[in-house]
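The structure appears below as structure tokens.
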Protein chains: 2
Amino acid sequence: MHPEFEKYLKENTSLTQDDIHHINNKAFDKTLHRNELLLQAGDICKHKVFVVKGLLRMYSIDSNGNEHILQFAPEHSWTLDVESYDKQIPSEINMGAIEPTEVMLWQKDDFNKLLSEVPELSKLSQQIISRNIYYSRQRMLTTLSATPEEKYDDFIERFPKLLTRLPLRMIASYLGISIKTLTRIRHNQLHR
Amino acid sequence: MHPEFEKYLKENTSLTQDDIHHINNKAFDKTLHRNELLLQAGDICKHKVFVVKGLLRMYSIDSNGNEHILQFAPEHSWTLDVESYDKQIPSEINMGAIEPTEVMLWQKDDFNKLLSEVPELSKLSQQIISRNIYYSRQRMLTTLSATPEEKYDDFIERFPKLLTRLPLRMIASYLGISIKTLTRIRHNQLHR
DNA sequence: ACTGATTATGGTCAAATGACCATGTTTTTA
DNA sequence: TAAAAACATGGTCATTTGACCATAATCAGT
């Protein structure tokens with residue numbers, strides 16, 4: 001039993017101890033070292049992923065070879081490529097570890113069974129989807145309306161704990177601005 | 001009974017005629033004239049919306065008074081502000097008609113009842129959510145990685161039918177580029 | 001602790017973009 | 001159908017941004 005996982009579920013759901021055990025028992029553990037990929041473009045996303053410890057990023061590589069980060073997944077977050085997982089088709093994105101990371105994985109069949117057996121888990125699942133939709137919309141709005149500096153400030157506010165764990169270039173990649181622009185902003189903020 | 005609605009459901013689901021009637025009977029009709037708002041920032045999103053005919057846009061207004069378009073909803077599409085609808089909290093966005101538009105509205109209670117009574121509707125609902133998630137991700141990627149011209153070309157490919165129905169400034173607003181940039185692109189594409 | 005790799009910053013310059021404004025055209029609506 | 005409103009385009013100019021490159025600092029893995 002993962003104490004971290006148990007703690008997360010106790011704080012965020014009203015699942016019983018039995019249910020938690022049941023869910024836990026269906027999971028596989030995996031440890032990733034820095035830069036190791038959990039999912040590679042072209043592969044099929046076979047698992048639901050819970051990050052116990054560490055930090056993942058979801059990103060795609062465009063035709064010029066540039067990386068664009070879609071999402072960070074720090075400890076106590078869930079992640080997967082919805083499209084690939086739902087339809088079991090090849091993924092267009094990559095998921096890799098930024099730090100040494102521990103994850104729990106559930107196979108689709110197992111997880112679906114859990115969803116039907118444990119209504120409270122189904123509820124949690126819905127909540128996570130809603131939150132993601134809301135969060136994507138917010139990000140889209142910021143991306144459309146904010147200046148690079150506003151984007152950076154917004155990022156710091158939204159993910160204060162990630163700031164020190166991420167290389168700047170990844171923040172730039174997430175915000176859709178060049179690293180040059182980002183260092184300029186930081187320079188200006190220091191000298192004023 | 002809305003023939004358009006019936007047609008849509010027959011083409012996209014395996015709902016029975018009875019179910020379709022049942023769903024239809026719980027809906028309210030509403031007609032919007034050009035520029036009329038269906039939802040205003042500050043209001044609570046009380047309905048699920050199906051666009052029978054016409055064209056809606058979902059947009060927010062930033063602190064400088066600029067509009068940013070999050071989504072277009074043409075005929076045969078569903079729309080709502082998820083966050084506001086789910087939690088029944090004030091919305092941060094607006095929904096307005098670009099053309100004279102006919103919509104069908106379901107109250108939350110009624111729709112939830114339908115969802116539990118009609119499994120096939122629940123399935124449709126899930127599909128729509130998945131598609132939205134996938135589509136948002138694609139849009140985010142394009143926004144992050146494409147040049148203004150690529151964004152415009154992508155828009156034309158993705159929504160060829162909307163192109164002639166939308167004022168250019170709304171396309172610019174959706175793409176997150178200035179209208180100046182957009183007319184420049186169009187100018188270049190003509191003269192080459 | 002050491003070595004190689006990664007990272008952050010800054011300079012320079014060209015190109016892209018947006019703000020502002022004017023004009024002619026199209027669309028709406030009364 | 002006529003007047004008013006909304007719209008698309010283009011000119012000009014200042015500013016922002018990114019590409020490319022070099023350098024110094026920091027970090028990771030042995």
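All of these numbers come straight from a predicted model, not from anything done at the bench. Labels below follow one simple rule: chain letters A, B, ... track the order of the sequence lines, proteins then strands, and each chain is numbered from 1.
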Could you give all pairs that pass the ring pair (Phe, Tyr, Trp, His ring centres under 6.0 Å) test and reach residues 92-117 of chain A, with sequence neighbours left out? A:F5-A:W106, A:W78-A:W106, A:W106-A:F111
May I ask you to decide if the ring planes of A:H47 and A:F28 are parallel, tilted or perpendicular, using 30° and 60° as cut-offs? perpendicular
In this structure, how many angstroms lie between the C1' atom of D:dT9 and the CG atom of B:N188, rounded? 13 Å
Tell me: CG of B:N35 to P of C:dT27, nearest whole Å? 16 Å
Degree of bending, the helix from C:dA1-D:dT30 to C:dA30-D:dT1 (end axes from five pairs; round to 10°): 80°
Whole angstrom value for the distance that separates P of D:dT17 from CD1 of A:I185: 7 Å
In whole Å, what is the span from the CD atom of A:E99 to the C1' atom of D:dC27? 13 Å
Gap between atoms OH and P, on B:Y152 and D:dA8 respectively (whole Å): 11 Å
Rounded to whole Å, CD1 of B:I98 lies from C1' of D:dC7 at a distance of 14 Å
Taking side-chain hydrogen bond (donor to acceptor under 3.5 Å, both in side chains) as the test, write out the residues that go with A:R139, two or more places apart. none
Please identify each residue that fulfils side-chain hydrogen bond (donor to acceptor under 3.5 Å, both in side chains) with B:T183, with sequence neighbours left out. none
Of all residues at least two apart in sequence or in a different chain, which pass the salt bridge (Lys or Arg N to Asp or Glu O under 4.0 Å) check with A:E75? A:R165
What does nucleotides 5-18 of chain C look like as a protein-contact string, B for base, S for sugar-phosphate only, - for none, at under 4.0 angstrom between heavy atoms? --SSBBBB----BB
Listed by chain and number, what are the side-chain contact (heavy atoms from CB on, under 4.5 Å) partners of A:N188, not counting sequence neighbours? A:R192
Expected list for residues 54-74 of chain A near DNA chain D, using heavy atoms below 4.0 Å, is none
Name all residues meeting the ring-ring contact (aromatic ring centres under 6.0 Å, His included) criterion together with A:H187; count only those two or more places apart in sequence or in a different chain, and write none if there are none. A:H191
More than 12 heavy atoms of other residues, nucleotides or ligands under 6.0 Å from NZ of B:K46: is that the case? no
Pairwise salt bridge (Lys or Arg N to Asp or Glu O under 4.0 Å) hits with a residue in residues 25-45 of chain B, at least two apart: none
Taking ring-ring contact (aromatic ring centres under 6.0 Å, His included) as the test, write out the residues that go with B:F155, two or more places apart. B:F159, B:Y174
The complete set of side-chain hydrogen bond (donor to acceptor under 3.5 Å, both in side chains) pairs with one or both residues in residues 52-63 of chain A, sequence neighbours excluded, reads A:R57-A:E67, A:D62-A:H68
